[in-house]
2 protein chains.
Amino acid sequence: MSPRRSVAEARRTRERILDRGIAIASVEGLEGLTIGRLATDLGMSKAGVLGHFGSKEALQLAALEEASAIFNRVVWEPAAQLAPGLTRLRAVCERWITYLEREKGAFPGGCLFTTASMEFDARGGPVHDAVARLFLVWRRRLAHEVWLAAAAEELPRETDPQQVAFELMGLYMVLNQSVQLIGDASAPDRTRRAVARLLGGGG
Amino acid sequence: MSPRRSVAEARRTRERILDRGIAIASVEGLEGLTIGRLATDLGMSKAGVLGHFGSKEALQLAALEEASAIFNRVVWEPAAQLAPGLTRLRAVCERWITYLEREKGAFPGGCLFTTASMEFDARGGPVHDAVARLFLVWRRRLAHEVWLAAAAEELPRETDPQQVAFELMGLYMVLNQSVQLIGDASAPDRTRRAVARLLGGGG
DNA sequence: CCTACCGATCGGTAGG
DNA sequence: CCTACCGATCGGTAGG
């Protein structure tokens, strides 16, 4: 019953804060992720929440990092073991759709990264840099996967991996928007159709 | 020197507020568009600013409406006089790119509508509804233009106008993000290439 | 991890 | 269109 807790307990609390923080941020944005809101939701004091991170900016960066780990766990890792090339790329794209779907999606308010990218795209600072880096890394990974598929001659020789990665990013942004803003139930299938055309699966 | 101004002066002040408000909202979002910030920027009192709209929500709705008028003036109207079909659609797409470019773009912080759509996509209320409506209307207009082009046999018979409109939205969202978040100078040309492929102009 | 507190800013109102 | 003010909330600190 002492206010001092063990290291393990403190770590569990930190995880609880981040889980809740990611849920809030996916709905309200990383700026809308306030310490007071977190404290109320978790039945803690503001100082108790803040003590785990030191500042709101550090909290935002930690939430981004944790969300990135979830994204990797849901979208990338289950496909990582598949054969490199078109098989794996298609599996990633399918998991990416699930990640964004209304009920099955990882975050209640839609893709946290896309929201954050719009929030911070006209500002400087560490959070902007972290968000930009996450998008760059993901785009590079996608382009690399496309390159592997082209190298295996599963895609036409003239395929431009960066171009395909660029277009894939667009498809998933409009998918996220259609699902969240408009509740468009046809968006996942539209995305599948566009991906199939882009990756030579039909059309 | 009386605090009461003429109707014409009041209208000019309202326009000044909205111009500045759109610039702020494109950078900070519609929630970051605060009455105090507007008042400071314009050398007015908060009450003076608020008096023109009545509430922050009404200010947000007015800013959206004004931004929508600008979008139409920049992207749609100059192309509206062209021949319906592929000619006009391509002109719209090219103007849409210019609207989003870093230096030539209409708003300093990038597309205000995309930012607002992410901000409000997990909330209810009049602002959410207004943003959703703007996107629906624009997508319908794009689909209609595609339909006209297909009806004139400038696009293949099996073209799905709604699918093409969906994919166009995605391309312009990733263009906006690439320009604002990452400063990707190749994004406009990548968009042109993807649009050309989508509208049968090459590739 | 808490209580108690800080100055700053938020949206909005009263009254002129 | 102003001054003067309201309660609420913001991020953060002191001290334990």
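First the proteins, then the strands, lettered A, B, ... as listed; each starts at 1. Since we're looking at a predicted model, the values are computed, not measured.
When the C1' atom of dC10(C) is taken as reference, atom CD of Glu31(A) falls 14 Å away, rounded to whole Å. One can place CG of Leu33(B) at 17 Å from P of dT9(C), the figure rounded to the nearest angstrom. Following rounding to the nearest Å, Lys56(A) (NZ) and dG12(D) (C1') show an atom-to-atom distance of 12 Å. Atoms CE (Met44(A)) and C1' (dC2(C)) sit 10 Å apart, rounded to a whole Å. We find that CZ of Arg37(A) is positioned 13 Å from C1' of dT9(D), with the value rounded to whole Å. In this structure, the CD atom of Glu57(A) is 16 Å from the C1' atom of dC10(D), given to the nearest Å. Atom CZ of Phe53(A) and atom P of dG11(D) are 14 Å apart (whole Å). Atom CG of Leu50(B) is separated from atom P of dC2(D) by 12 Å (rounded to the nearest Å).
Look at Asp189(A) and Arg192(A) and you find a salt bridge, because one of the NZ, NE, NH1 or NH2 atoms lies within 4.0 Å of a carboxylate O, short of that distance. With respect to the salt-bridge test (charged N to carboxylate O, under 4.0 angstrom), the residues Asp160(A) and Arg190(B) qualify. Taking a cutoff of 4.0 Å between a charged side-chain nitrogen and a carboxylate oxygen, Asp129(B) and Arg123(B) do not qualify as a salt bridge. Using a 4.0 Å cut-off between charged nitrogen and carboxylate oxygen, Asp41(A) and Arg37(A) count as a salt-bridge pair.
Of the residues Leu64(B), Ile70(B), Asn72(B), the one that meets the side chain to side chain contact (heavy atoms under 4.5 Å, CB included) test with Ser68(B) is Asn72(B).
When atom types are taken as modelled, the side chain of Glu66(B) and the backbone of Leu18(B) share no donor-acceptor pair closer than 3.5 angstrom.
Residue Leu38(B) holds its CG atom at 9.5 Å from NZ of Lys56(B), rounded to the nearest 0.5 Å.
Near DNA chain C, meaning a heavy atom under 4.0 Å from it, residues 15-30 of chain A has no residue at all.
Contact between the side-chain N/O atoms of Thr13(B) and the OP1/OP2 oxygens of dC1(D) is found at a separation under 4.0 Å. A sub-4.0 Å separation between OP1 or OP2 of dT9(D) and a side-chain N or O of Thr34(A) is absent.
You'll find the side chain of Glu94(B) stays beyond 4.5 Å of the side chain of Arg90(B), heavy atoms only.
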Going 5' to 3' through nucleotides 3-8 of chain C, assign each nucleotide B (protein heavy atom under 4.0 Å from a base atom), S (under 4.0 Å only from sugar-phosphate atoms) or - (no protein heavy atom that close). B-----
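Side chains of Arg193(A) and Ser186(A): a donor-acceptor N/O pair is absent below 3.5 angstrom, by distance only.
dT13(D) is paired with dA4(C) under the Watson-Crick or G-U wobble criterion, all donor-acceptor distances under 3.5 Å.
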